[in-house]
Undergrad: 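Here it is, the structure in full.
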There are 2 protein chains.
Amino acid sequence: MNQYCISRKLFERAARVIPCGIYGHTSPVFTVPGRFPYYAVAARGCRYQDPDGNWYLDFLCGYGAVLLGYGYPQVEEAAARQREKGNCMNHPAPIMVELAEKLLEVTRFGSWVVFAKNGSDVTTWAIAVARLTTGRRKVLKVAGAYHGVGAWCNPTGYGFLPEERSHVHDFRWNDLDSFRKLVEEYHGDVAAVVLCPFHHPSYGRCILPDPGFFPTVRKICRREGIVLVLDDIRAGFRLHRGGSHQWLGIEPDILCLGKALGNGYPISVAIGREELRVAASRVFLTGTYWNNAVAMAAALEMLKILEQEPVVEHVQEVGRRFCQGLRELAWRYGFDLQCSGPPSMPFATFSGDDSFFLQQEFCARVAAQGVFLHPHHNWFMSYAHRDLDIAEAFDKIEIALRQLREGLVKR
Amino acid sequence: MNQYCISRKLFERAARVIPCGIYGHTSPVFTVPGRFPYYAVAARGCRYQDPDGNWYLDFLCGYGAVLLGYGYPQVEEAAARQREKGNCMNHPAPIMVELAEKLLEVTRFGSWVVFAKNGSDVTTWAIAVARLTTGRRKVLKVAGAYHGVGAWCNPTGYGFLPEERSHVHDFRWNDLDSFRKLVEEYHGDVAAVVLCPFHHPSYGRCILPDPGFFPTVRKICRREGIVLVLDDIRAGFRLHRGGSHQWLGIEPDILCLGKALGNGYPISVAIGREELRVAASRVFLTGTYWNNAVAMAAALEMLKILEQEPVVEHVQEVGRRFCQGLRELAWRYGFDLQCSGPPSMPFATFSGDDSFFLQQEFCARVAAQGVFLHPHHNWFMSYAHRDLDIAEAFDKIEIALRQLREGLVKR
């Protein structure tokens with residue numbers, strides 16, 4: 001059974017020099033403190049190693065950033081070729097143009113692309129473009145949806161002024177009435193609606209869009225002149241190889257992509273429709289490293305691989321089998337495990353486990369066996385997850401389930 | 001004389017798929033459109049190549065991000081060693097702790113460090129930390145100073161609401177009266193003052209701080225409980241190897257670093273005093289790639305090199321000689337060229353050239369000879385700039401000066 005001694009010692013050292021030791025989405029308080037690794041020293045394919053020497057079969061993939069597997073050779077080679085030439089320079093590299101063209105080709109709806117580093121960079125910028133285009137103030141988003149750390153959407157709000165968030169309003173996922181109500185209430189003043197392709201709140205089940213949800217939102221936005229921003233940063237390239245709007249069957253006005261796009265290399269993009277080009281040209285955006293050519297080379301290679309290999313089909317299929325097997329396995333030990341979300345980025349919860357006790361105990365015991373399943377955040381499948389990996393994961397998960405059952409019986 | 005045919009053709013292609021073709025600080029409109037290269041294909045040491053095959057002796061260094069020279073072997077090797085292990089993973093790598101400890105050691109004032117990607121990430125977050133700590137709203141900054149693209153400071157403001165910027169107020173550089181006036185006007189409501197170590201406005205001469213400026217601001221901030229944020233992103237590691245506050249002789253409350261820290265690898269940090277730790281723990285900050293270990297390995301190696309080698313001394317000395325030689329050379333052709341700013345990141349302007357005509361013509365002609373001097377943004381020296389490079393630059397600059405003189409005579 002895995003121990004986390006070195007992880008914990010490192011964390012104690014870190015707690016002296018870094019607020020909370022580790023902050024943000026990788027904070028230990030987001031899993032179960034003390035029962036998961038805190039650091040990673042190496043990663044390859046669908047596995048990583050912690051400082052205590054434990055290896056994990058990984059179902060988080062760098063919180064979705066890694067779609068092909070850690071250190072995917074073809075991407076690493078493309079990045080290396082560009083690195084040999086140059087990365088952070090006074091001007092963009094020509095590959096920026098090629099990548100923009102390729103992105104427009106595969107996403108099939110927009111006429112321009114901008115590049116940044118963080119997901120937050122492009123969601124925040126997209127809002128500004130919508131406001132400048134429409135001359136309106138209001139931004140509508142779904143309660144509990146995550147769009148980054150910008151002042152307008154920072155999830156805790158600590159440190160931000162009411163003024164900075166005063167024109168952002170929440171409606172409920174899949175609830176067209178609550179959406180319509182806001183559109184009516186702020187009629188003529190709604191600049192944008194921001195949506196993820198499906199709802200994946202932390203500490204909650206994933207919820208797919210109802211069949212009528214996106215088409216109706218799209219129709220209302222078109223009628224009211226509201227800019228529809230699809231925040232596809234988390235889901236992008238795991239639902240469709242050309243962006244999740246094609247999985248949804250709608251056209252957004254702005255599409256935000258990141259994470260999987262660079263297979264771990266830092267890059268985010270916004271893609272938009274011609275009508276927004278003037279505003280997109282005027283809302284100032286820049287960052288020292290935004291032209292870095294290595295991340296662009298990695299992203300371009302990623303898109304080429306998606307054309308050549310059945311990556312999306314694979315992550316969907318392997319996720320389907322993983323969810324099904326997991327459910328059957330849990331059932332065998334008397335647990336009703338429910339999978340939610342698309343199979344390529346699923347989440348599993350126990351029925352009736354409102355306190356998350358079972359979930360946390362299950363995931364912690366699974367981690368101790370060398371399989372990483374996040375207890376509070378949706379999981380991610382990768383192209384590196386193969387049959388043997390899934391079989392091995394099931395063997396280890398079964399041990400955890402047996403322990404969990406025995407532990408409950410003893411209590 | 002350099003031609004930019006391929007650059008321009010690429011740009012035409014780009015203009016179809018990217019708003020303005022190239023946006024942000026590398027936009028061609030920030031130099032002189034048509035008379036500078038638009039793209040870079042390769043870079044080594046203090047030189048880079050454009051798509052037309054022209055090589056440039058570079059005095060911009062990736063807008064300051066490159067301090068040791070492009071592709072500095074020791075940094076590239078450290079980055080490669082970490083990349084071989086892992087980069088973007090589910091947890092930080094142990095190197096994060098080591099880097100935080102090293103940063104605190106060399107900057108010698110703070111007790112914690114956070115990591116991000118963009119300069120904007122940390123300046124914007126620092127403001128929120130100051131607001132949460134103080135429970136106040138106002139942020140004071142210098143008119144014309146650049147602190148990133150956040151809603152609160154985005155230089156054009158296009159796309160942002162008055163509400164998002166309503167508690168940000170400008171005073172004038174080196175003007176203590178205008179600073180005191182704001183502190184009095186908003187007495188008890190000033191959360192932070194944000195300052196760069198020297199004033200480097202675009203399209204303007206650099207202005208060093210008056211001797212009393214920083215000490216007085218520091219004293220007033222301490223007395224009034226205002227958080228002093230030093231935005232050292234642009235100047236960091238070119239004025240002092242442990243952060244520009246040590247060059248200024250003051251202690252900030254939060255120090256923001258980026259650019260040179262990673263020698264081109266994307267990383268930014270905020271370092272702060274113990275009193276701000278609680279707020280720093282509460283203002284949520286995160287990004288998919290913020291734990292990326294490769295940029296941290298590059299930054300740690302950078303800091304080690306700064307301890308081992310006289311990098312800061314070198315960039316200051318070579319900058320001094322460059323400015324002096326440039327001034328003498330210009331004088332020989334009848335131009336009164338004035339250098340401003342610290343010698344390691346100088347800027348030169350022509351006396352009486354208020355329209356920037358001479359400046360633009362000079363820099364464009366210099367570019368045509370294969371030396372990159374930005375006409376509207378301060379320049380940067382690197383550790384790769386050696387005597388022979390400077391001598392070669394002077395030979396080429398002299399040709400440009402002669403042409404400029406002859407062109408003026410003919411007019």
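Every chain is numbered from 1 and lettered A, B, ... according to where its sequence line falls, protein lines coming before strand lines.
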Undergrad: Heavy-atom pairs under 4.5 Å with chain A - which of Gly62(B), Cys88(B), Pro266(B) has more of them than the others?
TA: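 Greatest number of close heavy-atom pairs with chain A: Pro266(B).
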Undergrad: Suppose we screen for salt bridge (Lys or Arg N to Asp or Glu O under 4.0 Å). Which residues come up paired with Glu12(A), at least two apart in sequence or across chains?
TA: none
Undergrad: Which atoms of His167(B) are under 4.5 Å from chain A, going by heavy atoms: the side chain, the backbone, both sets, or neither?
TA: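 Side chain only.
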Undergrad: Where is the tightest heavy-atom contact between Thr26(A) and Pro92(B), given as atom of each residue plus distance?
TA: OG1-CD, 4.0 Å
Undergrad: Using non-hydrogen atoms only, which part of Trp290(B) is less than 4.5 Å away from chain A: side chain, backbone, both, or neither?
TA: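 Contact with chain A involves the side chain of Trp290(B) alone.
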Undergrad: Give, as side chain, backbone, both or neither, the part of Glu76(B) having an atom under 4.5 angstrom from any heavy atom of chain A.
TA: side chain
Undergrad: What side chain to side chain donor-acceptor pair (under 3.5 Å) pairs are there with at least one residue in residues 13-23 of chain A, not counting sequence neighbours?
TA: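 For residues 13-23 of chain A: Arg13(A)-Glu101(B).
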Undergrad: Need one label for Ser111(A): side chain, backbone, both or neither, based on atoms under 4.5 Å from any heavy atom in chain B.
TA: backbone
Undergrad: Using non-hydrogen atoms only, which part of Leu10(B) is less than 4.5 Å away from chain A: side chain, backbone, both, or neither?
TA: both
Undergrad: Hey, is CD on Glu84(B) packed in by over 12 heavy atoms from elsewhere, all under 6.0 Å?
TA: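 Not buried by this count: 12 neighbours or fewer within 6.0 Å.
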Undergrad: Is Ile18(B) close to chain A through its backbone or its side chain, or both, or neither, when contacts mean heavy atoms under 4.5 Å?
TA: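 Looking at Ile18(B), backbone and side chain both touch chain A.
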Undergrad: Do Glu163(B) and Glu164(A) have side chains that get closer than 4.5 Å, going by heavy atoms?
TA: no
Undergrad: Could you tell me which non-hydrogen atom of Lys85(B) sits nearest to which non-hydrogen atom of Val41(A), and how far apart they are?
TA: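 For Lys85(B) versus Val41(A), the nearest heavy atoms are CB-O, 3.4 Å.
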Undergrad: Compare every heavy atom of Met89(A) with every heavy atom of Ala42(B), then report the nearest pair and how far apart it is.
TA: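 Residues Ala42(B) and Met89(A), closest heavy atoms: C-SD, 3.9 Å.
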Undergrad: Find out whether Asp58(B) and Asn90(A) are in side-chain contact, i.e. whether some heavy atom of one side chain is under 4.5 Å from a heavy atom of the other.
TA: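 Heavy-atom side-chain distance check passes, below 4.5 Å.
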Undergrad: Using a cut-off of under 4.5 Å for heavy-atom pairs, which of Gly287(A), Gly262(A), Gly148(A) has the most such pairs with chain B?
TA: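 The candidate making the most pairs under 4.5 Å is Gly287(A).
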Undergrad: Relative to the ring of His91(B), is the ring of Tyr48(A) parallel (under 30°), tilted (30 to 60°) or perpendicular (over 60°)?
TA: tilted
Undergrad: Of the backbone (N, CA, C, O) and the side chain (C-beta and beyond), which part of Leu161(B) lies under 4.5 Å from a heavy atom of chain A, both, or neither?
TA: side chain
Undergrad: If I measure from the heavy atoms of chain A, does Tyr265(B) come under 4.5 Å with its side chain, its backbone, both, or neither?
TA: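 Looking at Tyr265(B), backbone and side chain both touch chain A.
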Undergrad: Measure distances from Phe284(B) to the heavy atoms of chain A and classify the residue's part below 4.5 Å as side chain, backbone, both or neither.
TA: both
Undergrad: Can you tell which part of Phe59(B) gets under 4.5 Å to a heavy atom of chain A, answering side chain, backbone, both or neither?
TA: neither
Undergrad: Does any backbone or side-chain atom of Ala14(B) lie under 4.5 Å from a heavy atom of chain A? Answer side chain, backbone, both or neither.
TA: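 Backbone plus side chain of Ala14(B), per the 4.5 Å heavy-atom cut-off to chain A.
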Undergrad: Using non-hydrogen atoms and a 4.5 Å limit, figure out which bit of Val66(B) sits close to chain A: side chain, backbone, both or neither.
TA: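 Just the side chain, heavy atoms under 4.5 Å.
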Undergrad: So for Ala15(B), is it side chain, backbone, both, or neither that comes closer than 4.5 Å to the heavy atoms of chain A?
TA: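 Contact with chain A: backbone only.
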Undergrad: Measuring heavy-atom distances to chain A, does Phe115(B) have an atom under 4.5 Å in its side chain, in its backbone, in both, or in neither?
TA: both
Undergrad: I'd like to know which of Tyr38(A), Tyr63(A), Phe160(A) tops the heavy-atom pair count under 4.5 Å against chain B.
TA: Tyr38(A)
Undergrad: Examine whether an atom of Tyr289(B) lies under 4.5 Å from a heavy atom of chain A, and if so say whether it belongs to the side chain, the backbone or both; otherwise answer neither.
TA: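 It is the side chain, since no backbone atom gets that close.
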